[in-house]
Amino acid sequence: MRHSLQLKLLFSFMLVITILIGSVLFGVSILVKEQTLAAKQQELIAKGTDLAGTLQSFHAETGDFADLDLLLANAASYLDSRIWVLDASRRVVNMSGMGMGKGMGRGPGWRMNSGSSPGNFGQMGVGLQSQGGMNTIINELDSVFIDGKTWTKTFNNPYYGEKMLVVAIPITLANGKIGGAVLLHAPVADIDAFMQHIYYYIGGAGILAILIALLIVSRLTRDVVRPLKAMQQTAETMALGDYSALIKVETSDEVGRLGLALNSLARDLAQYIAQLENAEKLRRDFVANVSHELRTPLTIIRGYTEALLDGTVDSPDQTLKYHRQMRDESERLERLIKELLDLSRLQSGRTEPAQDPIPLTAIANSVVNMMNQQAQQKQITLTANTSQHVPDIHGNGDRLTQLVFILLDNAIKYTPSGGTVTVNILQDIKVVILKVTDTGIGIPAEDLPYIWERFYKVDKSHCRADDGTGLGLAIAKQIIDLHQAEAVITSELRLGTTFTIRFPLDTNRDT
Ligand code: ADP
């Protein structure tokens, strides 16, 4: 694994946890050791005090501390420690396990301080490692013999040559005087062995705790890092152009919110790109359509021209017919180019959004007048129903004329002889309505959504010279949008079609 975020997190967490657990366990083990020592000390003091009491009664009966061997041997094994009995002048008069009680009782005793004659040391018998050691301890007992206090110390016992806990308890006689002292020496080795056990347990617990922490922390860091990793991967797929992959957001924290933000970014980008692609497709289709629409009349004109040139057609009738056809196709080409330019101008958004007050009724009437002849030729009744007084709308007069013209032209074109075409101008609340109704062939419901598209024709089979370009309604739609109007088409096949255009009446402006 590289230096991943997860590894970094895991390492730092584990460092902190290990230091924490280590120091806690270190403290605990020191505490346990001190507690154990203190407990041992307490125990020794309690036992020693008992023993001092016993020795005091013994002294009261016998007047000295002689003949204590049995008593001390019992006590020593019971207390698991070595026992010394000192008399009032700090002479060791008895020692457990040494079997020297009598000798010491009878002899001059060992005064171990500096005043003692060196000869006395010889009487200590075998097994004592250091007479000086005994001396060193006894010299420390001022508080016991002068103040009558209990004295205790853990140290490397100079007499026994091992680490021991030593407790000295004064023997207070009935008359209140200090008649001597009891010294208990307990080896600390036992405690150390006990502590060794404790250390093992604590160490084991520590390692266990660290392992558990490792488990928890690694899951935790994985949970933190996993969504980030997923986001990274998703972002990489996005960079490759695939916006479909969404991040699974599982939390509501910062990471979750980052995921949501990335998702919405991906959605927006996908939408944007879909729009771009759609626009690109429309553009391609448009170019293909334009090329097709332009090529057809050109092909016809060229074919006829060649037929006339190479003499295939020579009768005057035929020649006239061919010339007429060529003129029609030229006109069609001209119209097509004019409409294309018109549409492109409208779409460019550079169109004059003129805001002149326009009387729609006047426009409707003039277009109807203009087209009356065309309607009559087809025996279609064309009427303008403009009796209602309606306010002017704001807009571009030429464009609105063009709009009415396109709608009427279509209505006449797609209505059979004997039908009627009516233009209505009405007012509703805050709108002026332009309604063009015909009794024509109607538009199939499935074509209605596409009717405004460039080059869209319902009947693709015979739409040649009879002569839609498929651009009329596309231009109409641009004009409608330019005036912020709304268009609705209702149509029944073979019964007729109604185009309803609703122009907003801006009440803020004078009408
Ligand atoms: P065109 O130049 O072919 O008329 P338009 O964009 O003006 O192109 O119209 C698109 C298509 O909508 C037409 O080809 C025709 O099929 C249909 N259409 C438009 N107006 C009417 C109508 N009043 N009645 C029936 N069909 C219509």
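FYI, the numbering just counts along the sequence from 1. Counting starts at 1 for both ligands and their atoms, in listed order.
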Does this structure show an ion pair linking Lys413 with Asp409, if we count only N-O contacts that are shorter than 4.0 Å? yes
Any N or O of [X] closer than 3.5 Å to N or O of ligand 1:
X	value
Lys457	no
Gly470	yes
Ile443	no

Please confirm whether Lys153 makes a cation-pi placement over Phe155, using NZ or CZ under 6.0 Å from the six-membered ring centre and within 45° of the ring normal. yes
With a cut-off of 4.0 Å, which atoms of ligand 1 are near a heavy atom of [X]?
X	value
Gly472	5 (P), 6 (O), 7 (O)
Val458	14 (O), 16 (O), 17 (C)
Lys413	1 (P), 2 (O), 4 (O)
Ile451	12 (O), 17 (C)

So does Glu486 have more than 12 non-hydrogen atoms from other groups sitting under 6.0 Å from CD? no
Kindly write out the residues that satisfy side chain to side chain contact (heavy atoms under 4.5 Å, CB included) with Glu339, not counting sequence neighbours, or none if the list is empty. Arg335, Thr469, Leu471, Ile475
Which part of [X] is near ligand 1, with near meaning a heavy atom under 4.0 Å away: side chain, backbone, both or neither?
X	value
Trp452	neither
Thr497	side chain
Leu407	neither

Verify, without hydrogens or angle tests, whether Ser417 (side chain) and Lys378 (backbone) share a donor-acceptor contact under 3.5 angstrom. yes
Could you walk me through whether Val421 and Thr381 pass side chain to side chain contact (heavy atoms under 4.5 Å, CB included), step by step? CA-CA 6 Å; Val421 173; Thr381 319; over 6 Å; no
Any pair counted as ring pair (Phe, Tyr, Trp, His ring centres under 6.0 Å), so long as it reaches residues 283-322, sequence neighbours left out: Phe286-Phe455, Tyr304-Tyr322
